[in-house]
Amino acid sequence: MVAVIAPARPAGTVGLAESSVQGASAWLLLALGALFIAVPVLALLGRSLFDATGTWVGLANFATWVQTPSLLDAALLSVKLAGTSAAITVVLAYGYAYALTLSAMPLKRVFRGLAMVPLLAPSLLMAISLVYLFGNQGLLKAWVGGSIYGEGGIVTGSVLWTFPHALLLLTTSLATLDARLIEAARTLGAGPWRVFVTVTLPASRYGVLMAFVVVFVLVLTDFGVPKVIGGQANVLATDLYKQVVGQQNFAMGAVVSVILLMPAVAAFFVERALRGRQSAALGVKATVYQPAPHRLRDRVLLLYCSAVALSLLAVIGVAVFASLATYWPYNLQPSLKNYDFNQMDGGGWATYGNSLRMALGTAVFGSVLAFLTAWIVDKPRRFGTLREAINLVVTLPLAVPGLALGLGYILFFNAPSNPLHGLYGTMAILVACTVAHYFSVAHLTLLSALRQLDQEFEVVAESLGVPFWITLWRVHLPVCLPALLEVAGFFFVNAMTTVSAVVFLYAPHTQLASVAVLNMDDAGDVAPAAAMAVLIFVTAGVARLLFAMATRWVTGRTQRWRIC
Amino acid sequence: MRIDLPLPAQASAPTLQDRAGPREAVEAPVLRMQGIVKRFGATTVLDRVDLDIGPQEFVCLLGPSGCGKTTLLRVLCGIETANAGDITLHGRDITAQPAAMRRFGVVFQSYALFPNLTAIENVAYGLGAMERGHRRDRAREMLDLVDLGGFADRYPAKLSGGQQQRVALARALAPQPQLLLLDEPLSALDAQVRHTLRSEIRRVQQRLRIPAVMVTHDQDEALAMADRVVLMRDGRIEQASAPTRLYAQPASAFAARFVGRINLWPAEAVGPRRVRVGQARIAVARDLPAGVKQLLLGIRPEQVQLQPFDHARAREPSAAPAQPDCHAGVVEDWTFCGAWISLRVRVPALEASIDAEFSTPADGHVPWLRGEACMVRLPRAALHIIPA
């Protein structure tokens with residue numbers, strides 16, 4: 001027989017039915033991603049090009065924005081405050097991360113845990129505590145020369161709540177430092193300082209840049225802190241809130257959102273490039289550094305970490321304490337008066353129930369969808385382009401600030417012509433928006449968990465004639481269960497604490513606890529606001545604890561195969 | 001203890017004797033690959049490959065990295081689809097069949113055992129079509145076959161590399177595949193385990209009488225295990241022969257150099273059975289190919305014989321050599337390699353240095369000094385004539 005160029009054959013490597021199930025799932029996930037991520041963002045971009053009456057005006061809105069001094073000033077101030085906060089946070093966190101990774105300081109695990117505590121609280125909580133400490137009736141008002149309301153307050157509050165974010169990135173970066181480099185420098189006679197300047201610092205430069213960029217964007221797009229403690233300082237995020245909620249000026253809101261979006265998108269690409277370089281810098285055979293004890297260094301670092309951890313805890317503690325006091329700071333008798341939310345404006349205890357339901361929904365739907373998406377992106381060998389498209393859409397939220405996403409949701413789902421208009425004002429849209437908002441991180445976490453599995457599993461299963469869903473159920477899911485629980489916990493905590501995206505989307509009967517904090521604070525009920533923020537904080541903490549216990553239980557039952 | 005599997009009547013064991021020529025035809029092939037072409041973008045990885053596999057035959061695909069051997073295996077397995085060519089199994093066209101329908105047993109270098117399933121659960125993984133009770137029996141039987149009956153309930157992480165690979169082998173064979181494919185199955189293991197597992201795999205394959213195709217870059221492995229070695233280069237088959245034949249009669253300089261070590265010199269035909277290398281004229285045992293002037297003359301180092309220097313002849317340079325296939329040389333260097341000693345000898349007449357090997361003497365004494373004169377004998381029967 002002569003070799004002939006074969007006619008186009010099905011590129012099939014799995015059975016026909018399996019292949020169509022995979023294809024259908026991939027299309028479905030892409031459709032969901034488009035509907036709840038891509039299209040709302042596009043709606044936002046589109047809206048910025050029309051005026052209030054819906055007439056096409058091109059870039060006229062942007063021109064107006066640039067020519068309005070108050071708006072432009074807000075942008076400049078935002079950049080200044082975000083830059084200052086990021087610089088301070090990164091410097092503080094670097095020392096802390098250094099202590100956790102490259103010293104022989106005792107209690108490292110405890111300090112690592114303590115530094116993560118702010119992740120459990122809404123950023124509002126930090127700002128409210130600062131008001132209690134340094135505000136007009138603050139305990140330590142004398143410590144600050146002028147008023148805490150304004151730029152100083154925003155920077156302080158931002159540093160406090162972004163600290164764990166920077167710390168996570170910096171510890172990862174320092175932990176991947178190749179020990180052999182340090183040892184080589186030592187054998188060549190370099191002293192500790194020279195090792196730090198010539199090895200440690202250069203090796204962690206991508207981590208430092210990445211942490212700076214991430215914190216910069218977090219601060220730039222956060223509006224909880226400036227709302228509570230910003231005073232007269234007008235930043236982009238509060239400006240956007242005012243445009244949309246105060247003036248119902250969606251066109252200008254969209255313009256500000258797009259402007260807010262730009263640095264976030266830039267940061268997204270910068271971070272991605274840096275991440276690539278950082279992982280490239282880590283050789284396959286790099287050995288992990290085992291720091292030797294050094295009395296002076298370890299003591300200094302212990303002192304430093306204690307100071308930082310205590311400050312973080314103190315600030316949160318003040319809010320807890322104040323929320324339990326009868327009337328801060330005059331009557332410190334313990335009382336639950338501030339927790340009687342039903343007596344205040346702002347939605348009462350119902351908001352807490354709403355938040356719980358929303359967070360549960362987000363955790364369940366979010367983690368299941370993220371797992372399926374990660375699987376479809378990583379495992380099948382077919383549908384290359386389709387899988388790339390899905391990956392692109394689901395990593396998009398990394399670059400979209402919550403406020404922008406929320407506004408995009410209003411513009412898209414509230415359009416009367418949208419068949420999904422019915423979703424507007426429901427709990428479902430809050431869940432969808434929160435899942436979308438935090439989807440990228442969850443997706444990437446599960447993707448890396450799946451990528452750790454042997455890439456030949458699929459081929460083995462196929463050659464044994466076992467359909468992919470059985471392998472998905474019997475192998476991939478059990479192996480990834482700890483990562484899946486981690487992701488569910490991540491969704492839950494963020495859903496409890498988030499304000500930015502949902503602040504535009506709640507209806508009276510779906511108001512959330514985090515939004516209630518904002519509204520009560522706005523109405524001057526600072527103590528109940530603090531109480532609600534503390535309640536969220538405690539709930540998030542308890543949830544984290546429950547998830548940790550669940551992980552342990554699951555690990556004991558299904559992960560026996562892991563060698564410890 | 002080993003449980004006997006239902007096997008067909010004992011047939012004569014495969015022997016190492018030559019069964020076919022350099023591109024021989026296999027009688028009654030089970031599997032035929034014809035004109036297989038595989039391109040990745042602009043690069044052609046497989047260039048019209050034809051390969052037949054006989055019943056019960058153990059075929060090794062051998063070659064340097066990038067020669068296309070792994071791609072050929074993946075095409076065979078159904079993971080990659082060929083751009084052209086046909087694959088038939090028992091005369092049935094399976095070219096368009098996906099991996100899931102071909103049901104060939106596959107074993108990978110990385111073992112690819114499911115980490116959360118025990119050894120026996122891994123082996124039973126592909127037995128979904130069987131009844132529950134039978135499934136476990138069959139899996140146990142397979143584990144016994146690879147001598148792991150006592151490890152059924154261990155997780156892969158608690159097994160050594162060699163044990164894991166044996167579980168993978170049992171898993172691949174459990175559903176009674178028509179063909180066993182092995183993708184560098186021994187490369188991740190250390191030397192000792194690799195040797196044991198070589199014979200283990202071979203034993204199981206012969207016991208089950210299943211044809212097998214194994215990819216390897218290790219020539220020792222290929223020579224030791226295969227009924228037939230398929231040597232590949234740049235997407236084509238360079239030579240497909242029984243291991244002994246491949247070694248004794250390499251069809252090309254590439255085959256000669258890739259399998260074993262060889263001295264190769266450019267030679268010029270100066271008679272029907274005579275070539276010139278450097279200034280020496282050397283007689284060969286067989287007729288040279290007609291009309292070809294430039295050739296390569298080769299000899300394996302272990303075929304070279306070293307003899308004490310012929311002082312009588314040295315005093316009288318014009319005298320004819322005592323033996324016509326002997327040449328005077330000087331030992332340049334020698335290396336002790338354990339079982340044998342490798343020498344490098346400068347031979348002025350050949351205008352080249354020659355590698356020679358001999359077994360280490362019982363007393364460990366090496367009878368040659370660096371710089372010592374010696375006689376090098378190139379036995380006529382050991383000379384290879386290879387096209388240039």
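Note on naming: letters A, B, ... go to the chains in the order of the sequence lines (proteins, then strands), and numbering restarts at 1 for each one. Everything quoted here is computed from the prediction, not taken from an experiment.
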> Is chain A contacted by the side chain of R32(B), its backbone, both, or neither, given a heavy-atom distance below 4.5 Å?
Replying inline: neither
> Quick check: does any side chain N or O of N122(B) sit under 3.5 Å from a backbone N or O of T118(B), one acting as donor and the other as acceptor?
Replying inline: yes
> Would one find more than 12 heavy atoms of other residues, nucleotides or ligands at under 6.0 Å from atom CZ of F269(A)?
Replying inline: no
> If you tally heavy-atom pairs under 4.5 Å against chain A, which of C77(B), P175(B), S110(B) wins?
Replying inline: S110(B)
>> Tell me if a side-chain donor or acceptor on R39(B) pairs with a main-chain N or O of T43(B) at a distance below 3.5 Å.
In response: no
> Counting heavy-atom pairs under 4.5 Å to chain A, which of Y111(B), Y125(B), F104(B) comes out on top?
Replying inline: Y125(B)
> Does some side-chain heavy atom of K38(B) sit less than 4.5 Å from a side-chain heavy atom of T44(B)?
Replying inline: no
> What do the steps show when you test D218(B) against T216(B) for side chain to side chain donor-acceptor pair (under 3.5 Å), and what is the final call?
Replying inline: CA-CA 5 Å; D218(B) 180 344; T216(B) 179; 5.4 Å; no
> So which part of F108(B) gets closer than 4.5 Å to some heavy atom of chain A, the side chain, the backbone, both or neither?
Replying inline: side chain
>> Which atoms of V475(A) are under 4.5 Å from chain B, going by heavy atoms: the side chain, the backbone, both sets, or neither?
In response: both
>> Which atoms of R103(B) are under 4.5 Å from chain A, going by heavy atoms: the side chain, the backbone, both sets, or neither?
In response: both
> Contact part of L181(B) toward chain A, heavy-atom cut-off under 4.5 Å: side chain, backbone, both or neither?
Replying inline: neither
> Within the side chain of E141(B), is there an N or O that forms a donor-acceptor pair under 3.5 Å with the backbone of R136(B)?
Replying inline: no
